[in-house]
Protein chains: 2
Amino acid sequence: MRLVIARCSVDYIGRLTAHLPLATRLLLVKADGSVSVHADDRAYKPLNWMSPPCRLEEQLDDGSGTWTVTNKAGEQLIITIDEVLHDHAHELGVDPGLQKDGVEAELQRLLALHVETFGQGWTLVRREYPTAIGPVDLLCRDADGKVVAVEIKRRGEIDGVEQLTRYLELLNRDPLLAPVKGVFAAQEIKPQAKVLAQDRGIDCVTVDYAVLKGTDDPTQRLF
Amino acid sequence: MRLVIARCSVDYIGRLTAHLPLATRLLLVKADGSVSVHADDRAYKPLNWMSPPCRLEEQLDDGSGTWTVTNKAGEQLIITIDEVLHDHAHELGVDPGLQKDGVEAELQRLLALHVETFGQGWTLVRREYPTAIGPVDLLCRDADGKVVAVEIKRRGEIDGVEQLTRYLELLNRDPLLAPVKGVFAAQEIKPQAKVLAQDRGIDCVTVDYAVLKGTDDPTQRLF
DNA sequence: CCGTAAATGTCGTCG
DNA sequence: CGACGACGTTTACGG
């Protein structure tokens, strides 16, 4: 990893064209070949960058000069360097990598254990019920024995309603299942998604993750 | 901007939980308060980070110690530092910012100016025509006076066709507008999107941004 | 500040 | 290699 602080201007010509006027910035060159240009704000996102695989060509005359970064698609990041204020390289080695523990999978697991969240007398037919266009998160039966397809998202947006709609269309072609109702479940459901769901006859359920987790965790129980 | 190379392990507790085993990494502290942890790969994306606004607390004993970064939501990034190999700070000042060209907004602006791109005699009714489920990019009339809804994307994919389909369904409920036709315009349209659009009776138009821009820019005109 | 759509999205997985 | 969905999406824009 190489860290360069330099006064520079930058041009990107690729999927779009972009220009950065002369200013002092951080140029970050990683071992994977990527180059990114950071200002002192905008959180972790660089002002400009080139993702690997790409090639960095340096043309330097006494500190000032030009970096040209090119990828296979012919996109170019051109960094015109006026003055180098700091230039430091360091070997980091391979990173052991990140261990993540996601929320959506957990949400599905908890709801599968507690389908009564959707209504009294509900039972789980199957989690990840397979169809030709992908698995339905939960297939249930309500108290009347009617089949219900449940789509679970952490954040409920319009795309999720579309996805559930496609599943319902497919499931309703199966005479053994039809008529199949739909439930859209998420920690938070956007107004637009609610409108579309209602328009399609799909019920929306907002799920409280903490409560659900509490239901699952004996140490969290109130009684 | 502060650049620290350190042997560290990292834990994030927030929207998910994540852990990074001990290794040498770059810790990037920006003037906006953000902290990000970079390995020597994964392009510009950090392994872990905290976005501003947040607060960094340092507890150090002879180089080793703990950084605790907290935001308002109570999310925490905890960096346990084993050894600091490099620590360098630099004043960058405010960045003049990025000038972009060629994004969807630009494409929409140009097409609004040149609806004849879609056909002779076409007129613009309104840009960003409002509906209950969001604004239609362009509402036009063709040479016969028929209403046409135009959805514009930089890259035309299935989602865009779905979006336009929803608009058409809604607009066609309005007896003052119906029947409304659809046009899907993009610099590049994926085959799948074309197939779906055709199936829905939606016309596809591939737009040449350079030509359109040339039409707009007198200095670029050939005649 | 909330809601919505775009993004050089990026990053996995799976066919 | 391309399509599809998730992302701690992030970011910009408009009400």
Side-chain angles (χ1 to χ4, degrees), chain A residues 10-18 34 36-37 41-52 54 69 71-77 97-98 100-105 107-108 132-135 137 151-155 157-160 162-163 166 186-195, chain B residues 11-18 34 36-37 41-52 54 69 71 73-77 97-98 100-108 128 130-137 151-155 157-160 162-163 186-187 190-193 195-196:
Chain A
V10 184
D11 286 278
Y12 167 73
I13 301 162
R15 278 163 285 182
L16 55 70
T17 59
S34 65
S36 44
V37 181
D41 59 356
R42 286 153 228 244
Y44 69 73
K45 198 175 188 196
L47 292 162
N48 246 323
W49 70 93
M50 185 67 79
S51 298
C54 61
V69 193
N71 71 3
K72 280 181 194 167
E75 297 176 6
Q76 281 196 317
L77 185 68
L98 188 64
K100 282 188 188 181
D101 194 8
V103 173
E104 180 176 328
L107 207 57
Q108 190 191 110
I133 55 169
D137 286 340
E151 175 66 32
I152 300 167
K153 297 280 180 215
R154 197 175 67 73
R155 295 170 61 184
E157 297 181 31
I158 235 167
D159 279 6
E162 294 286 12
Q163 195 178 338
R166 289 195 295 271
Q187 271 184 283
E188 181 203 345
I189 301 181
K190 292 290 167 85
Q192 262 199 340
K194 276 187 189 169
V195 170
Chain B
D11 286 278
Y12 165 75
I13 302 162
R15 276 163 286 182
L16 56 73
T17 59
S34 65
S36 45
V37 181
D41 58 356
R42 285 152 223 246
Y44 71 71
K45 202 175 185 197
L47 293 162
N48 250 324
W49 69 92
M50 186 66 79
S51 298
C54 61
V69 193
N71 71 3
E75 297 176 7
Q76 281 197 317
L77 186 68
L98 188 65
K100 287 186 185 183
D101 182 31
V103 291
E104 181 186 312
E106 180 73 358
L107 204 59
Q108 190 192 110
E128 299 281 352
T131 78
I133 55 169
V136 178
D137 286 342
E151 177 64 34
I152 300 166
K153 294 282 179 212
R154 196 172 61 75
R155 294 172 60 186
E157 298 181 30
I158 262 178
D159 276 9
E162 295 286 11
Q163 193 178 344
Q187 284 186 76
K190 293 286 168 85
Q192 269 198 340
V195 170
L196 185 64

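Below, read A as the first sequence line, B as the second, and so on, with proteins coming before strands; counting in each chain starts at 1.
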Value in whole Å for how far the P atom of C:dA5 lies from CD of B:Glu162 = 14 Å
message = Please report the distance, rounded to the nearest Å, between CG in A:Asp11 and C1' in C:dT8.
response = 14 Å
request  = Could you check which of D:dT10, C:dT8, D:dA3 has an atom nearest any side-chain atom of A:Tyr44?
outcome  = D:dT10
query = Between B:Gly134 and B:Lys100, which is nearer to the 5' end of DNA chain C once each is assigned its nearest nucleotide?
reply = B:Gly134
inquiry  = Using OP1 and OP2 only, check whether a side-chain N or O of B:Arg155 sits under 4.0 Å from D:dG2.
reply    = no
ask   = Atom CD of A:Gln192 to atom P of C:dT4: distance rounded to whole Å?
value = 5 Å
task = Just compare C:dA6, C:dT8, D:dA6 and give me whichever is closest to any side-chain atom of B:Leu98.
result = C:dT8
key: Candidate nucleotides C:dT10, C:dT8, D:dA3, ranked by approach to the side chain of B:Lys190 - the nearest   = D:dA3
message = Is there a side-chain contact between B:Ser34 and B:Ser51 in this structure, where contact means two heavy atoms from C-beta onward sitting under 4.5 Å apart?
response = no
message = Distance check, P atoms only: D:dG8 and D:dC4, in whole angstrom units.
response = 22 Å
inquiry  = I need the B:Gln163 CD to A:Asp159 CG distance, nearest 0.5 Å.
reply    = 9.5 Å
query = What's the closest nucleotide to the A:Pro191 side chain, out of C:dA7, D:dG8, C:dG3?
reply = C:dG3
message = Mind checking if B:Ile133 touches a base, just sugar-phosphate, or nothing, with heavy atoms under 4.0 Å?
response = sugar-phosphate
message = So, OP1 or OP2 of D:dT10: does either fall under 4.0 Å of a side-chain N or O from B:Arg15?
response = yes
task = Report the distance from atom CG of A:Asp159 to atom P of D:dC7, rounded to the nearest whole Å.
result = 13 Å
query = Hey, does B:Glu106 have a side-chain heavy atom less than 4.5 Å from the side chain of B:Asp101?
reply = yes
task = Find which nucleotide of DNA chain D each of B:Met50 and A:Arg166 is nearest to by heavy atoms, and output the residue with the more 5' nucleotide.
result = A:Arg166
Distance between C1' atoms of C:dC11 and C:dA7 (Å, rounded) = 14 Å
remark   = Walking DNA chain D from its 5' end, the first of B:Leu47 and A:Arg42 to be reached, judged by nearest nucleotide, is B:Leu47
key: Identified pairing partner of D:dG8, criterion: Watson-Crick or G-U wobble below 3.5 Å   = none
remark   = Scanning both residues in full, the closest heavy-atom pair of B:Ala193 with B:Glu157 reads CB-C, 3.6 Å
request  = Using atom CD1 of A:Ile158 as one end and atom C1' of D:dA6 as the other, report the distance to the nearest whole Å.
outcome  = 18 Å
task = Figure out the NZ/P separation between B:Lys45 and D:dT11, and round it to whole Å.
result = 11 Å
query = Roughly how many Å is it from CD in A:Glu157 to C1' in D:dC7, rounded to a whole number?
reply = 11 Å
key: Nucleotide of C:dT10, D:dG5, C:dA7 approaching A:Lys153 most closely (side-chain heavy atoms)   = D:dG5
remark   = note: A:Tyr12, atom OH; C:dA7, atom P; distance rounded to Å ~ 12 Å
ask   = Just wondering, do B:Glu162 and B:Leu196 contact through their side chains at under 4.5 Å, heavy atoms?
value = yes
request  = Ignoring hydrogens and angles, tell me if any N or O in the side chain of B:Glu104 forms a donor-acceptor pair with the backbone of B:Lys153 under 3.5 Å.
outcome  = no
